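One structure is given below, encoded as structure tokens.
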Amino acid sequence: MQKHTTPSRKQQHVELCVNDDVTFRRKTNGFERYEFIHNALPECNFSDISTVTEFLEYRCSMPLLISCMTGGYPDAERINGDLAEICQTFNIPMGVGSQRQAIENSQYHRSFQIVREKAPSIPLLSNIGAPEVAKMKSSDDICRMIDLIKADAMVIHLNPLQELLQPEGSPNFTGVLSGIEQLVRWLEIPIFVKEVGAGISADVAKRLLSVGVKGIDVAGAGGTSWAGVEILRNTEQETLSHYWDWGIPTAECVSQIKPLKTENNFTLVSSGGIQSAMEIALSLALGADFCASARPMLKALFTGGQNELSAQLNQLQLDLKRIMFLVGAVQIKQLQQVDIISVS
Ligand SMILES: Cc1cc2nc3c(=O)[nH]c(=O)nc-3n(C[C@H](O)[C@H](O)[C@H](O)COP(=O)(O)O)c2cc1C
């Protein structure tokens with residue numbers, strides 16, 4: 001099995017995500033099982049509808065962030081710079097990819113620093129993997145990573161499935177929860193935890209909240225399959241293919257975790273195959289505070305550059321306003337209170 005250095009692996013991930021179909025094969029993210037109830041008396045003016053909402057105490061133009069993807073290899077500086085410029089223009093948050101490589105050496109620090117340079121006034125999210133967190137002896141490395149982009153929150157990704165199938169993976173999750181607890185004590189900024197496409201259950205969310213995590217991004221099944229990406233990189237493709245669709249669908253994660261909001265103060269992010277305004281609106285009505293999207297944003301950038309990505313974001317915002325009008329929600333907070341029905 002061929003093993004790659006961290007920079008060449010990060011580059012391969014982007015190339016596979018842009019050029020290959022690495023979405024789930026049989027499973028969906030589950031939003032097709034829900035519908036809004038049409039409101040024939042919305043009692044509002046379309047021109048008053050606002051998608052503005054808060055994230056990490058910033059006012060953002062809409063409840064969507066470009067999720068953690070890349071950094072740490074030559075071309076990542078251009079990609080992160082382009083994404084950051086768009087996020088700044090739209091006033092939406094952005095996450096960087098794993099900063100593990102930047103802890104190892106400073107060769108590609110620019111690929112992370114560029115993000116804060118291009119986006120001085122939006123919420124930015126640092127990113128590190130669970131295996132690194134379990135090994136951490138002090139907060140020094142992680143504080144340097146936060147400082148690289150002047151991050152507003154630190155995101156830890158849980159990716160046991162990916163580590164298991166990755167030729168270079170570290171499938172050792174012993175001590176991850178206590179590592180996260182330690183980080184919560186060390187850092188002044190909030191800690192968010194995300195999956196990468198296999199979802200977070202209510203039980204896992206409870207354990208994360210019990211150690212002081214302030215944000216949970218479910219990154220559920222139904223969008224990018226990270227098992228799929230690693231299977232394509234693996235020489236044992238046939239024997240591993242049944243893991244391609246492993247995971248909890250995004251809508252299921254959000255509805256499982258929502259009840260925890262009555263007793264815990266945290267931000268619930270819906271992600272995993274979010275591509276349409278309907279999925280964003282249903283996420284919020286199901287209980288999410290914000291949504292995130294990764295591969296669809298990257299594909300738009302690679303297909304038609306910043307113009308294409310801007311056009312997609314404009315369309316998402318306009319469609320979100322249309323849906324809000326049809327359910328009589330002028331503000332995002334009202335959309336979060338709207339009833340939905342299960343259609344299956
Ligand atoms: C090219 C690429 C690289 C990614 N790298 C990371 C990473 O370094 N850290 C992380 O937390 N998630 C990473 N992800 C996972 C995404 O943040 C997201 O959770 C996942 O792709 C599901 O969202 P999607 O269906 O919108 O793509 C990456 C995604 C893509 C497409």
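The first residue in the sequence is number 1, and the count goes up from there. Both counts, for ligands and for their atoms, begin at 1 and track the order of listing. Just so we're clear, the structure is a prediction, and the values are computed from it rather than from any experiment.
Those atoms of ligand 1 with a heavy atom of Ser293 less than 4.0 angstrom away are 26 (O). Close contacts of ligand 1 with Ser67, meaning ligand atoms under 4.0 Å from a residue heavy atom, involve 17 (O). Listed by atom number, the atoms of ligand 1 under 4.0 Å from Pro296 heavy atoms are 26 (O). Remark: ligand 1 atoms within the under-4.0 Å shell around heavy atoms of Leu298 are 1 (C). Taking every heavy atom of Ala219 and a limit of under 4.0 angstrom, the matching atoms of ligand 1 come to 19 (O). Here is the list of ligand 1 atoms found below 4.0 Å of a heavy atom in Gly273: 24 (P), 25 (O), 26 (O). The ligand atoms of ligand 1 that sit less than 4.0 angstrom from a heavy atom of Glu195 are 19 (O). With ligand atoms numbered from 1 in the order given, ligand 1 contributes 25 (O) to contacts under 4.0 Å with heavy atoms of Gly223.
Here the side chains of Tyr58 and Asn91 are not in contact, with every heavy-atom distance at 4.5 Å or above. Side-chain contact between Ile122 and Met94 is present, with at least one heavy-atom pair separated by less than 4.5 Å. The side-chain heavy atoms of Lys150 and Leu124, taken from C-beta on, include no pair separated by under 4.5 Å.
Neither side chain, Gln113 nor Glu117, offers a donor N or O lying under 3.5 Å from an acceptor on the other. When only modelled atom types and interatomic distance are considered, Thr23 and Asp21 share a side-chain donor-acceptor pair under 3.5 Å. For the residue pair Gln275 / Glu279, no side-chain donor-acceptor distance below 3.5 Å is found, with atom types taken as modelled. For the 3.5 Å distance criterion, the side chains of Ser111 and Asn80 fail to qualify, holding no donor opposite an acceptor.
Ring-plane geometry between His13 and Trp226 is classed as perpendicular, the angle between the planes exceeding 60 degrees on a 0 to 90 degree scale with a lower cut at 30.
Ranking protein heavy atoms by distance to atom 10 (C) of ligand 1, first place goes to Lys194 NZ, 3.3 Å. The protein heavy-atom contact nearest to atom 9 (N) of ligand 1 is Asn127 OD1, 3.1 Å. Nearest to atom 21 (O) of ligand 1 among the protein's heavy atoms is Trp226 NE1, 3.3 Å. Remark: minimum distance from atom 20 (C) of ligand 1 to any protein heavy atom is reached at Val196 O, 3.3 Å.
Checked against a 3.5 angstrom limit, the closest N/O atoms of Cys68 and ligand 1 fall inside it. Taking distance alone, with nitrogen or oxygen atoms compared against 3.5 Å, Ser98 approaches ligand 1 more closely than that limit. At least one N/O-N/O distance between Lys10 and ligand 1 falls below 3.5 Å. By the 3.5 Å distance cut-off applied to N or O atoms, Thr224 is counted among the residues near ligand 1. Of the polar atoms of Ala292, none of the N or O atoms is found under 3.5 Å from an N or O of ligand 1, judged by distance alone.
Of the candidates His157, Gln12, Met69, the one placing a heavy atom closest to atom 4 (C) of ligand 1 is Met69.
Within a 6.0 Å radius of CZ in Arg185, other residues, nucleotides and ligands contribute more than 12 heavy atoms.
Exactly one residue among Arg100, Arg233, Lys3 makes a salt bridge (charged side-chain N to carboxylate O under 4.0 Å, His left out) with Glu168. That residue is Arg233. Of the residues Lys261, Lys333, Lys214, the one that meets the salt bridge (charged side-chain N to carboxylate O under 4.0 Å, His left out) test with Asp289 is Lys261.
At a heavy-atom cutoff of 4.0 Å, ligand 1 is contacted by both the backbone and the side chain of Ala294. Counting heavy atoms under 4.0 Å from ligand 1, residue Asn159 does not touch it at all. Counting heavy atoms closer than 4.0 Å to ligand 1, residue Ser271 contributes nothing at all.
Cation-pi contact between Arg295 and Phe302: absent, since separation from the ring centre below 6.0 Å together with deviation from the ring axis within 45° is not met.
Closest non-hydrogen pair, Ala300 versus Gln312, comes out as CB-NE2, 3.6 Å.
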